[in-house]
Peer 1: 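Structure provided below as structure tokens; questions to follow.
Nothing fancy with the numbering, it's 1 onward along the sequence.
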Amino acid sequence: MGTALVYHEDMMATRLLWDDPECQIECPERLAAALDRLRQCGLEQRCLRLVAREASEEELGLVHSLEYVALVQRTQALSKEELQVLSGQYDAIYFHPSTFRCARLAAGAALQLVDAVLTGAAHNGLALVRPPGHHSQRAAANGFCVFNNVAIAAEHAKRKHGLHRILIVDWDVHHGQGIQYIFEDDPSVLYFSWHRHEHGRFWPFLQESNVDAVGQGRGRGFTVNLPWNQVGMGNADYVAAFLHTLLPLAFEVTVCALESIHSVRMAQAPYWMSFQQQDVASALSPSTNSLEGKPVVLLPGGPTCEAAATTLSSFLDRLYLCPMPRVHTAVALTAPDATLPLPPDELCQEGSAPREETEAWARPHKSLAQDEALDALGKLLYLLDGILDGQVSSGIIATLAPAVEATLDVAVRRGLCHRAQRLFCVALGQLNQPPDLADDGRILWLNIRGKEVAASSMFRISMPLPRTTGGFLSCILGLVLPLAYGFQPDLVLVALGPAHGLQNPHAALLAAMLRGPSGGRVLALIGEESTPQLARTLARVLHGEAPPNLGPFLMASPEDIQALLYLRAQLEPQWKMLQVAGEALGSGGSEPAAQG
């Protein structure tokens, strides 16, 4: 299993046959450019290639009227003049004799991708399609879109595969009103769209593209619009929306974007528990003051936003250039367990660093003197080198419980000596920070344990373990991930020490979420008493599978909220991704983008 890529060259057959400045941007080169870029980057050959099929008329009828499907079918026999007249009846649309086949291939590609993922043939995938779909409605073409590919795929997933909850994330400069109309009264589909809106002055010029469009009837609360009312939104803005709006919604079923994000949270508060508790919302939404009480205002295009966007862009470029490691995840246990099943591209590691080298690293630590702890350290050094050399994506290492702290200390020092420029250490349980590590910005240390709430510097932070699932999620979304994305680590070390108190699903979720900001380079260090069940769970999520269910959702306790608010207040002045300011001021300008 891997990533599927669905495509068909015949989808490039349609082209505008008359002069129309509005529609001329929708051309075959639009699709060819995306495919060429995948090939140039070596990504196409990594994927499971699937040739798109045509959706049947019955499948198109899942969301479109039979009369509309028949109308599009008749375009195959129309003259150029007749096609132009018909096209003029819709907004930003042109028809071509090949439109019906191309649109059926586009919808069929989405259906194939759903089938591949839900039958286990692929973990995930990408469908390169043309024409696009999210503007098309039950009986109308709109904005270059003929059949609503994503809506058809969602309805297909429900009816063929029995899904009861589907999240559609619509990432486009324009609002996908077609998807919204189709599912606005359906509580089984949560539709989330971030789009340029400019208070209704940007196409499609609809009031229902705004934050107060939340669905109808039983579907109220299942339509979520995040309209950008400023132009020029960048990577940092989208990461902020992801952390502060989209992820909280998904778990319950620096930046210049906070006016829009805050409006969405307020509009959705009546429908989502994540947004209902005022203190939690405060912890994860705009804060208008810094620790000193001075307003923090982020201006679009200003130095703070530009710095955040620039650093995040360089981080994304660095991830993009990373080669695919030969081994996805390596697991090294103190006593190899034959009952630990691993996927084909995961390795039960037997390799170890040379004994002399291992002993040299262990010498300052009494807890590493035992043979079993020394053997585990050798495996850690070997695995760490593999990750930093690009041979292995991520790894899991087990050692004696009393040796976790010393092993983590060695991992930090070895990592800094071997390629890593920045290490993010998330230490859970009774694990002390090495006392002589330089506070020079190369190591971000977050200790989650006991009752201590402190930030001795922007790179040395401690907090208690949240007591509930809601508190744990608030900690990840409101602190851990913003710090991780802001720090841009070369490697994340997650250490589960004695009395860490973290349940396996929560540990798996933490490791899975930290794959993103580190480019997949996560090394989990666990005590031997936690294996093999925890090792098996971590191996699955580091391989790309979904974390297990977290269990009943309980809101964050007042103590957890207070700790989170205190730390954010301490750290906001130094960390751009935590500087979620009040209303963003100012405006810029750019050329309107195309539909679709």
Side-chain angles (χ1 to χ4, degrees), residues 334 358-370 372-374 376-377 379-381 384 396-417 420 422-467 472 475-476 479-480 483-484 487 489 491-503 506-507 510-511 514 522-531 534 538 559-560 563-564 566-567 570-571 574:
T334 48
T358 302
E359 290 175 346
W361 281 104
R363 199 164 292 126
H365 303 281
K366 293 182 179 180
S367 61
L368 296 178
Q370 295 185 45
E372 194 171 354
L374 198 62
L377 181 64
K379 291 182 178 181
L380 175 129
L381 295 173
L384 185 61
I396 303 163
I397 185 79
T399 188
L400 297 175
V404 172
E405 182 175 306
T407 305
L408 177 60
D409 177 67
V410 172
V412 170
R413 299 176 193 277
R414 172 64 173 225
L416 294 178
C417 293
R422 290 180 298 278
L423 292 178
F424 183 20
C425 299
V426 183
L428 296 110
Q430 297 175 4
L431 296 173
N432 294 311
Q433 172 189 316
D436 57 339
L437 283 184
D439 191 4
D440 57 4
R442 299 180 66 193
I443 303 167
L444 172 58
W445 182 278
L446 173 61
N447 195 186
I448 304 178
R449 55 163 288 185
K451 296 183 178 181
E452 184 180 11
V453 183
S456 58
S457 79
M458 67 180 289
F459 300 108
R460 300 290 184 266
I461 306 159
S462 64
M463 65 174 295
L465 177 67
R467 305 176 185 181
F472 184 70
C475 173
I476 290 179
L479 185 67
V480 178
L483 290 175
F487 187 57
L491 174 70
V492 171
L493 296 171
V494 178
L496 299 172
H500 61 77
L502 208 59
Q503 298 179 17
H506 295 72
L510 176 63
L514 288 170
V522 176
L523 177 57
L525 175 61
I526 59 179
E528 64 174 352
E529 77 280 359
S530 300
T531 55
L534 177 57
L538 289 172
E559 294 81 7
D560 291 339
L564 186 56
Y566 174 79
L567 285 175
Q570 292 280 335
L571 297 167
Q574 292 86 30

Peer 1: Hey, could you give me the CG/CD distance between Asp409 and Gln433, rounded to the nearest 0.5 Å?
Peer 2: 10.5 Å
Peer 1: Applying salt bridge (Lys or Arg N to Asp or Glu O under 4.0 Å), name anything that partners Arg442, two or more places apart in sequence or on another chain.
Peer 2: none
Peer 1: Please name the pair of heavy atoms, one in Gly441 and one in Arg422, separated by the smallest distance, quoted to 0.1 Å.
Peer 2: O-CG, 4.3 Å
Peer 1: Taking Glu405 for the side chain and Asn432 for the main chain, is one N or O donor matched with an acceptor at less than 3.5 Å?
Peer 2: yes
Peer 1: Should Thr407 and Leu400 count as side-chain neighbours, where that means a heavy-atom distance under 4.5 Å?
Peer 2: no
Peer 1: Determine, step by step, whether Leu538 and Val522 satisfy the side chain to side chain contact (heavy atoms under 4.5 Å, CB included) criterion, reporting the C-alpha distance in whole Å, the side-chain angles of both residues, the deciding distance to 0.1 Å, and the verdict.
Peer 2: CA-CA 10 Å; Leu538 289 172; Val522 176; over 6 Å; no
Peer 1: Mind listing the closest non-hydrogen atom pair of Gly415 and Leu384 along with its distance?
Peer 2: N-CD2, 3.8 Å
Peer 1: Pairs in or reaching into residues 425-461: which pass ring pair (Phe, Tyr, Trp, His ring centres under 6.0 Å), with residues at least two apart or in two chains?
Peer 2: Phe459-Trp575
Peer 1: Is any side-chain heavy atom of Ile443 closer than 4.5 Å to one of Cys425?
Peer 2: yes
Peer 1: Can you confirm whether Arg460 sits close enough to Leu437 that some side-chain heavy atom of one is under 4.5 Å from a side-chain heavy atom of the other?
Peer 2: yes
Peer 1: Using salt bridge (Lys or Arg N to Asp or Glu O under 4.0 Å) as the criterion, list what pairs up with Asp436, not counting sequence neighbours.
Peer 2: Arg413
Peer 1: Decide yes or no for Leu514 and Val480: does some side-chain heavy atom of the first lie under 4.5 Å from some side-chain heavy atom of the second?
Peer 2: yes
Peer 1: Rounded to the nearest 0.5 Å, what separation is found between the CG atom of Leu493 and the CG atom of Leu446?
Peer 2: 12.5 Å
Peer 1: In sequence, state the C-alpha distance, the side-chain angles, and the governing distance for Leu368 and Arg363, and then conclude on side chain to side chain contact (heavy atoms under 4.5 Å, CB included).
Peer 2: CA-CA 8 Å; Leu368 296 178; Arg363 199 164 292 126; over 6 Å; no
Peer 1: Calculate, to the nearest 0.5 Å, the distance between atoms SG and CD1 belonging to Cys475 and Ile448 respectively.
Peer 2: 4.5 Å
Peer 1: List the atom of Phe424, the atom of Ala484, and the distance in Å for their closest heavy-atom pair.
Peer 2: CE2-CB, 3.7 Å
Peer 1: Does Val412 reach the side chain of Pro434, with side-chain heavy atoms less than 4.5 Å apart?
Peer 2: no
Peer 1: Which heavy atom of Pro498 sits nearest to which heavy atom of Leu431, and what is that distance?
Peer 2: CD-CD2, 4.2 Å
Peer 1: Apply the test side chain to side chain contact (heavy atoms under 4.5 Å, CB included) to residues Leu523 and Leu525: give CA-CA distance (whole Å), side-chain angles for both, the deciding distance (0.1 Å), then the verdict.
Peer 2: CA-CA 6 Å; Leu523 177 57; Leu525 175 61; 5.8 Å; no
Peer 1: Tell me whether the count of non-hydrogen atoms from other residues, nucleotides or ligands lying under 6.0 Å of CD in Gln370 goes above 12.
Peer 2: no
Peer 1: Applying side chain to side chain contact (heavy atoms under 4.5 Å, CB included), can you list everything that pairs with Thr358, at least two apart in sequence or on another chain?
Peer 2: Ala353, Leu374, Leu377, Leu381
Peer 1: For Phe472, what residues pass the ring pair (Phe, Tyr, Trp, His ring centres under 6.0 Å) criterion, not counting sequence neighbours?
Peer 2: His506
Peer 1: Report the residues that fulfil side chain to side chain contact (heavy atoms under 4.5 Å, CB included) with Ala507, sequence neighbours left out, ordered by chain and then residue number.
Peer 2: Leu496, Leu502, Leu534
Peer 1: Using the side-chain contact (heavy atoms from CB on, under 4.5 Å) definition, which of the options Leu567, Val453, Asn447 pairs with Ser462?
Peer 2: Asn447
Peer 1: Keeping Arg449 on the side-chain end and Ala427 on the backbone end, is there a donor-acceptor pair under 3.5 Å?
Peer 2: no
Peer 1: Tell me the closest heavy-atom pair linking Ser367 and Pro402, and the distance in Å.
Peer 2: CB-O, 3.7 Å
Peer 1: Can you see which heavy atom on Thr399 is nearest to which on Ala376, and at what distance?
Peer 2: OG1-CB, 3.5 Å
Peer 1: Roughly how far, to the nearest 0.5 Å, is the CG atom of Leu380 from the CD1 atom of Ile396?
Peer 2: 12.5 Å
